[in-house]
Amino acid sequence: MTSSDLNEELEFRYSGRRILVTGGAGFLGSHLCEKLLALGAYVIAVDNFYTGQRRNIAHLVSNPYFDIRIHDITFPLYIEVDAIFNLACPASPVHYQYDPVQTTKVSVHGAINMLDLAKRRKCRILQASTSEVYGDPSIHPQPETYWGSVNPIGPRACYDEGKRCAETLFFDYWRQHKLPIKVMRIFNTYGPRMRLDDGRVVSNFIVQALKGLPITVYGDGLQTRSFCYVDDLIDGMLRLMATPEYITGPINVGNPEEFTMRQLAELIVQLTGSKSTIVTMPLPQDDPKQRRPDIQMAKQILGWKPHVSVSDGLAKTINYFRDALASDLKGSSRDVFARRRESVVS
Ligand code: NAD
Ligand code: UDP
């Protein structure tokens, strides 16, 4: 399919439709809202600003086809929509472990509420699942057929098991209620609009490099991850949602280019021209040692593969963080933990 054929197909699927994006003020959610608006959709973003930021969607709020609703998806939601992208959930280990009970709730109760809404509306629903369902994998690269290796009682379990249970719910609604579902297993994705204090490796290393602070490599830095640029990821997500009904996934979407954390640190130091040194810090418990997606299925079913190289994607992300740091110095951002405490209490 050529890119103009694909665009026509996507416009046909999304134009004039009311599309709900949960987690719409987050990193991935805000990029998705932007692309859906460009395809002619009417977008309703739902977010409780747990980790989301108003500045991610500030450029969208004056668009008459965009609505933002402050809502916690662990509570039911009754609105009229034609399709649902379920992205609401903190994704950085620091953030999802801050209030692990809430993380499980958003994954499980949130999934039930969104699946019930889809059931009532008889509409499609896509789940933003994760490579974390594979845990600390013993098969490499990870194909969708691998059942994973997850510690069910460790500090990452709130996220890993929450997302696994969400997948279970999606497939039970599909089997039991014939609901048209799409499950996408997202591998590490980075890009503009990650928080300065997101805590994930790409944002940490870039912020440290730009500030001339030591780059914090956890453990020996030989653990690996494979990094996908946000535009590629959103392209894969739009394609998956537009597939025929019998395609349910799960489908891996990610960039198979694999790096050790030490290599990533060196690349970011080089791209920023920073004088930062690399220091080591303790490895967090249950940190997966190796991760790389097998993307054969995405290639065959979605006609998808990543196009943005890691050095190009990092260069764009570094530019974003340079600007974000400059505006942060002017006091536009507040402590994430304070913000999260407020949203949990309210
Ligand atoms: P993010 O933290 O930037 O975005 C999550 C959004 O969900 C935020 O805007 C947050 O405020 C919102 N949210 C959290 N709890 C909510 C609740 N109870 N009700 C309503 N909104 C709530 O993270 P992200 O990287 O954009 O991730 C988006 C989704 O993609 C998540 O579901 C995540 O698990 C999944 N994912 C992301 C990656 C990645 O590398 N970025 C990898 C795998 C999976
Ligand atoms: N990491 C690191 N330094 C940091 C943040 C993370 O070395 O400042 C490591 C972390 O231990 C893990 C990898 O980078 O091995 C990816 O971590 P991240 O939190 O980005 O995502 P994960 O894939 O673990 O969910």
Side-chain angles (χ1 to χ4, degrees), residues 21-32 45-54 56-57 68-75 77 85-97 99 102-103 105-107 109-111 113-114 127-133 136 156 159-160 162-163 166 184-191 193-195 198-208 214-228 230 233-234 237 252-254 259-262 264-265 278-291 336 339-340 343-344:
V21 178
T22 76
F27 160 49
L28 296 182
S30 60
H31 285 275
L32 176 62
V46 161
D47 206 295
N48 67 350
F49 291 99
Y50 191 70
T51 51
Q53 309 186 92
R54 281 173 205 283
N56 289 346
I57 49 165
I68 171 78
R69 304 212 182 165
I70 301 176
H71 174 80
D72 178 339
I73 64 154
T74 63
F75 296 97
L77 181 67
F85 287 87
N86 188 35
L87 273 65
C89 184
S92 160
V94 185
H95 294 173
Y96 69 64
Q97 289 173 29
D99 184 350
Q102 173 66 10
T103 299
K105 276 189 188 167
V106 68
S107 296
H109 295 192
N113 288 328
M114 292 308 110
Q127 168 67 357
S129 190
T130 167
S131 53
E132 283 284 324
V133 299
D136 189 2
R156 295 176 87 96
Y159 185 74
D160 299 10
K163 290 285 190 177
M184 177 171 174
R185 290 187 179 151
I186 302 170
F187 282 65
N188 296 64
T189 301
Y190 68 98
R193 304 203 191 125
M194 295 183 89
R195 301 183 65 100
D198 181 275
R200 281 176 276 186
V201 70
V202 172
S203 47
N204 269 11
F205 285 2
I206 293 178
V207 171
Q208 289 161 348
I215 310 270
T216 54
V217 166
Y218 300 162
D220 58 13
L222 297 180
Q223 70 273 33
T224 69
R225 295 291 186 275
S226 307
F227 297 101
C228 186
V230 59
L233 194 281
I234 299 298
M237 194 178 273
N252 291 339
V253 179
F259 290 81
T260 68
M261 294 311 100
R262 200 160 272 279
L264 179 73
I278 293 174
V279 295
T280 54
M281 306 246 305
L283 187 68
Q285 192 191 326
D286 296 341
D287 199 280
K289 284 180 276 304
Q290 217 181 358
R291 181 183 292 155
V336 63
R339 190 196 301 266
R340 284 213 307 279
S343 72
V344 170

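Not measured: the values here are computed from a predicted model. Computation of the quantities below employed the complete heavy-atom set of this structure, encompassing side-chain atoms and omitting hydrogens, waters and symmetry-equivalent molecules. In each ligand, atom 1 is the first atom listed, and ligand 1 is the first ligand listed.
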Atom 13 (N) of ligand 1: which protein heavy atom is closest, and how many Å away? Asn48 OD1, 3.4 Å

Classify the contact between Ser92 and ligand 1 as side chain, backbone, both or neither, using a heavy-atom distance cut-off of under 4.0 Å. neither

Within the distance-only criterion (no hydrogens, no angle test), does the side chain of Thr224 pair as donor or acceptor with the backbone N or O of Arg291 below 3.5 angstrom? yes

Side chains of Arg200 and Asn188 in contact at under 4.5 Å (non-hydrogen atoms): no

Can you sort out which atoms of ligand 1 are near Asn188, meaning under 4.0 Å from one of its heavy atoms? 40 (O)

Under 4.0 Å from any heavy atom of Gly23, which atoms of ligand 1 are there? 6 (C), 7 (O), 9 (O), 12 (C)

4.0 Å heavy-atom contact, Gly110 with ligand 1: no

For atom 31 (C) of ligand 1, which protein heavy atom lies nearest, and how many Å away is it? Leu87 O, 3.1 Å

Part of Lys163 with heavy atoms under 4.0 Å of ligand 1, whether side chain, backbone, both or neither: side chain

Before signing off on this row, confirm whether Gly29 and ligand 1 have an N or O atom pair separated by under 3.5 Å. no

Return the closest protein heavy atom for atom 39 (C) of ligand 1 as residue, atom name and distance. Arg200 NH1, 3.3 Å

In this structure, atom 3 (O) of ligand 1 is nearest to the protein heavy atom Phe27 N, 2.9 Å

May I ask you to identify, for Lys105, whether its side chain, its backbone, both or neither come under 4.0 Å of ligand 1 on a heavy-atom basis? neither

Is the shortest distance from a heavy atom of His71 to ligand 1 less than 4.0 Å? yes

Within the 4.0 Å heavy-atom shell around Gly26, which atoms of ligand 1 are there? 3 (O), 4 (O), 8 (C), 9 (O)

Looking at Tyr218, is its backbone amide N or carbonyl O close enough to the side chain of Gln223 to form a donor-acceptor pair, meaning the two atoms are under 3.5 Å apart? yes

Distance from atom 27 (O) of ligand 1 to nearest protein heavy atom, with residue and atom: Ala91 CB, 3.6 Å

Before you tell me yes or no, could you show the steps for Arg185 and Ser129 under side-chain contact (heavy atoms from CB on, under 4.5 Å), namely the whole-Å CA-CA distance, both residues' side-chain angles and the distance that decides it to 0.1 Å? CA-CA 5 Å; Arg185 290 187 179 151; Ser129 190; 4.2 Å; yes

Should Arg262 and Asp220 count as side-chain neighbours, where that means a heavy-atom distance under 4.5 Å? no

Could you pull out, from Gly254, Pro90, Cys89, the option with a heavy atom nearest to atom 7 (O) of ligand 1? Cys89

List by chain and number: which residues place a heavy atom under 4.0 Å from ligand 2? Pro93, Glu132, Arg156, Asn188, Gly199, Arg200, Val201, Asn204, Phe205, Thr216, Val217, Tyr218, Gln223, Arg225, Met261, Pro284, Asp287, Arg291

If the cut-off is 4.0 Å to any non-hydrogen atom of Ser129, which atoms of ligand 1 fall inside it? 43 (C), 44 (C)

Tell me whether the NZ or CZ atom of Arg54 lies within the 45° cone about the ring axis of Phe49 and under 6.0 Å from its centre. yes

Name the closest protein heavy atom to atom 37 (C) of ligand 1, giving the residue it belongs to and the distance to 0.1 Å. Leu28 CD1, 3.7 Å

Identify, for atom 43 (C) of ligand 1, the protein heavy atom at the shortest distance, and state residue, atom and that distance. Ile186 O, 3.2 Å

Give the atom numbers and elements of ligand 1 that come within less than 4.0 Å of a heavy atom of Gly52. 8 (C), 9 (O), 10 (C), 11 (O)

Can you check which of Thr74, Ile57, Val106, Asp47 brings a heavy atom nearest to atom 11 (O) of ligand 1? Asp47

Please walk me through it: do Val230 and Met194 pass side-chain contact (heavy atoms from CB on, under 4.5 Å)? CA-CA 10 Å; Val230 59; Met194 295 183 89; over 6 Å; no

Could an N or O of ligand 1 be found under 3.5 Å from any N or O of Ala88, whether backbone or side chain? no

Side chains of Arg69 and Leu77: closer than 4.5 Å at any heavy-atom pair? no

Look at the rings of Tyr190 and Phe227 and say which category their plane angle falls in: under 30° parallel, 30 to 60° tilted, over 60° perpendicular. perpendicular

Run the numbers on Val253 and Ile186 for side-chain contact (heavy atoms from CB on, under 4.5 Å), then give the verdict. CA-CA 5 Å; Val253 179; Ile186 302 170; 5.7 Å; no

Considering only heavy atoms of Ile73, which atoms of ligand 1 have at least one such atom less than 4.0 Å away? 17 (C), 18 (N), 19 (N), 20 (C)

Can an N or O of Val46 be found at a distance shorter than 3.5 Å from an N or O of ligand 1? no

Side-chain heavy-atom pair Val106, Pro90 within 4.5 angstrom cut-off: yes

Heavy-atom contacts with Asp72 under 4.0 Å: which atoms of ligand 1 show up? List them by number with element. 17 (C), 18 (N), 19 (N)

The closest protein heavy-atom partner of atom 1 (P) of ligand 1 is Thr51 OG1, 3.7 Å

Please work out, at 4.0 Å between heavy atoms, whether the side chain, the backbone, both, or neither of Tyr190 comes within that distance of ligand 1. neither

Please determine if Glu132 and Arg156 form a salt bridge, counting it only when a charged side-chain N lies under 4.0 Å from a carboxylate O. yes

Taking all non-hydrogen atoms of both residues into account, name the closest pair between Phe27 and Asn56 and its distance. N-ND2, 4.1 Å

Considering Phe85, Phe227, Tyr159 one by one, which has a heavy atom nearer to atom 34 (O) of ligand 1 than any of the others? Tyr159

Heavy-atom contacts with Phe49 under 4.0 Å: which atoms of ligand 1 show up? List them by number with element. 11 (O)

How far apart are the closest heavy atoms of Phe205 and Met261, and which atoms are they? CE2-O, 3.5 Å

Heavy-atom distances under 4.0 Å decide this one: backbone, side chain, both or neither, for Gln102 against ligand 1? side chain

